[in-house]
Amino acid sequence: MTRRLLLSYLTLSALVLLCLELPLGYVYSRAERERATNAAHQEAESVADYASLSLAYDGSGELAARVVTCANRIGGQVLVVNAAGGLIATSHPLAADEQAALANRPEIAEALRGGSGADVHTTSIGGVSWLSVAVPVKHGRTLQGAVRLAVPTEAIASDVHRVWLGLALGGLGVLVAVATVAFALARWIGRPIRELERAAQTLASGSLATPASVTTGPPEVRVLAATFNRTAALLEQLLASQSAFAGEASHQLKTPLAALRLRLDNLEADVPPHLRGNLTAAMTETERLARMVEGLLALARMEEKALTPEPVDLDLAVEERVAAWSGLFEQYGVRLVAVGNPVGTALAVPGAVEQILDNLLSNALRVAPRGSAVTVGRRLRTTGAELHVADQGPGMTAEQRRRAFDRFWRAPDSPKGGTGLGLALVQRLTLAGGGEALLLPAPGGGLKAVIRLQSVLPRRTAGFPGIPHPRRRAPVGAGAGAGTSAGRGTGVTAGAGAGGGRGRRGRQGAP
């Protein structure tokens, strides 16, 4: 806004200056030309009067001296011709062909025809512009000849250029002064808008403690600030209600679910063998409901506030998660392999990389055949770093890969126990850090999940000054009892919904 106001003021000032200075410059140039023409005309008339008397009384010698004196005084050239165009006196030598052509000069020819006044011509000789004036020489009514007077216009042009330069410098000075005053004025006018912008940025960062001022600025801006404050207060109330609901629901739902699971466990000894299948199905659905609750709460907690990406050591995160999951993969006869060169740091939400890897590894474990391998890769790109988790399972079709990130979506032939929230949480954690999550076919069959993150300046891989070490950082959205538990055989984080080690066969993408 400040730039636009400043540009508007300067444009208006420049137009005003052009409308004033251009006519002034042209008027001065014309006045200078007219002044020089009048002065030359008066000198020519003076020489013509003297020549009339000299020719009438045979004073050609005195006329020649007068012509030279006049030429020296004006810094130009003066010559006198008779009625036939022959040269009588000149202040500068002329060649024979020039003398023969004097009668053909337009200004001299006009004067020899007895034209009244002066015939003015501007010619260029030797690269110098000359102003020529010719007047007739008369004694009574008898035409005796003509006087031609030429003066260089360099002095006139120099004066005109000097005036134009002065006008340009004066206009530039005015524009500088206008720019200084206009900048201060634009800053003053835009101050309420900048305060409103700062309040909006504060609101976008998740803090609503500083409302916009409603006492400064024009009425329209004050009304806008008041409306913004009301909107911010309503948003704060809604976020507080959502946060309170998430906390209360987390506490209220976990207790009855845990009690239900305990009661089902206690009933196992008293259930007849032919009803054991129903009991197992009930316990499986109870676990699935618990994971779904944790996933929903994790997504709600992540979306209720703005998350700020920070530099994260990707190599350290990959090493930690591979080490944590290796034991569980061995139990199911699947190899977990880390490949690729170190990629350094990238921007991500604190704790997000660990949780993303946990969800992807859990999904890969569910579909990887015994004896196959799951690969965790790293690769540097021009815009950042890339992590990928590839399995050798049945893979997914293009349509399934397109819908896999939708909440609660599960592949048609996926095993029971999933919630359909794991990949949705992966995508939102990646987008919160300014990255991109993709599902691609893996070479040789299976599925490859690709996570692309933005790069930052290289730092030490052991940690970052002022940033908590990844080992001490809690995963985003992790709730009570929903942390990574690879050692217990569940292999899921909050919202992963991978179904632990149960039902590992089936299509991927239905966590």
Side-chain angles (χ1 to χ4, degrees), residues 1-12 178-250 296-312 346-352 355 383-384 424-425 427-436 453-457 464-468 473-478:
M1 181 177 180
T2 301
R3 289 194 299 270
R4 291 188 177 184
L5 287 174
L6 184 59
L7 182 60
S8 300
Y9 295 148
L10 289 178
T11 302
L12 182 60
V178 169
T180 303
V181 176
F183 180 76
L185 186 60
R187 295 284 295 180
W188 175 74
I189 295 175
R191 185 179 306 156
I193 301 298
R194 290 193 300 275
E195 292 179 358
L196 186 60
E197 179 185 3
R198 284 193 291 268
Q201 291 175 349
T202 303
L203 177 63
S205 65
S207 176
L208 307 175
T210 306
S213 175
V214 295
T215 59
T216 59
E220 296 82 0
V221 176
R222 292 199 296 268
V223 171
L224 178 60
T227 304
F228 173 83
N229 289 339
R230 288 195 298 270
T231 304
L234 178 60
L235 180 60
E236 184 178 16
Q237 181 180 358
L238 293 175
L239 291 179
S241 300
Q242 181 179 351
S243 178
F245 169 77
E248 294 171 1
S250 176
L296 289 173
L297 294 177
L299 287 173
R301 281 191 292 268
M302 187 184 70
E303 294 176 353
E304 72 180 4
K305 62 181 179 178
L307 301 175
T308 303
E310 297 179 359
V312 175
L347 289 177
V349 173
Q355 193 166 358
T383 58
L425 184 61
Q427 185 186 51
R428 280 152 181 79
L429 287 172
T430 306
L431 293 177
E436 180 184 17
L453 301 173
Q454 298 180 6
S455 62
V456 294
L457 294 177
F464 302 95
I467 300 176
R473 184 180 295 138
V476 175

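- Considering all non-hydrogen atoms of both residues, P309 and G433 come closest at CG-CA, 3.8 Å.
- No donor-acceptor distance shorter than 3.5 angstrom exists from the side chain of Q454 to the backbone of G384, with no hydrogens or angles considered.
- For the atom pair CZ (R198) and CD1 (I193), the distance works out to 11.5 Å, reported to the nearest 0.5 Å.
- One finds the OG1 atom of T430 at 6.5 Å from the CG atom of L453 (value rounded to the nearest 0.5 Å).
- Once rounded to the nearest 0.5 Å, the distance linking CG of L234 with CG of N229 reads 12.5 Å.
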Could you go step by step and tell me if L185 and W188 meet the side chain to side chain contact (heavy atoms under 4.5 Å, CB included) rule? CA-CA 5 Å; L185 186 60; W188 175 74; 3.9 Å; yes
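- Atom-to-atom distance recorded for L6:CG and T11:OG1 is 9.0 Å, nearest 0.5 angstrom.
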Derivation of the side chain to side chain contact (heavy atoms under 4.5 Å, CB included) call for L347 and E310: CA-CA 5 Å; L347 289 177; E310 297 179 359; 5.8 Å; no
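- No donor-acceptor pair under 3.5 Å is formed between the side chain of R187 and the backbone N or O of F183.
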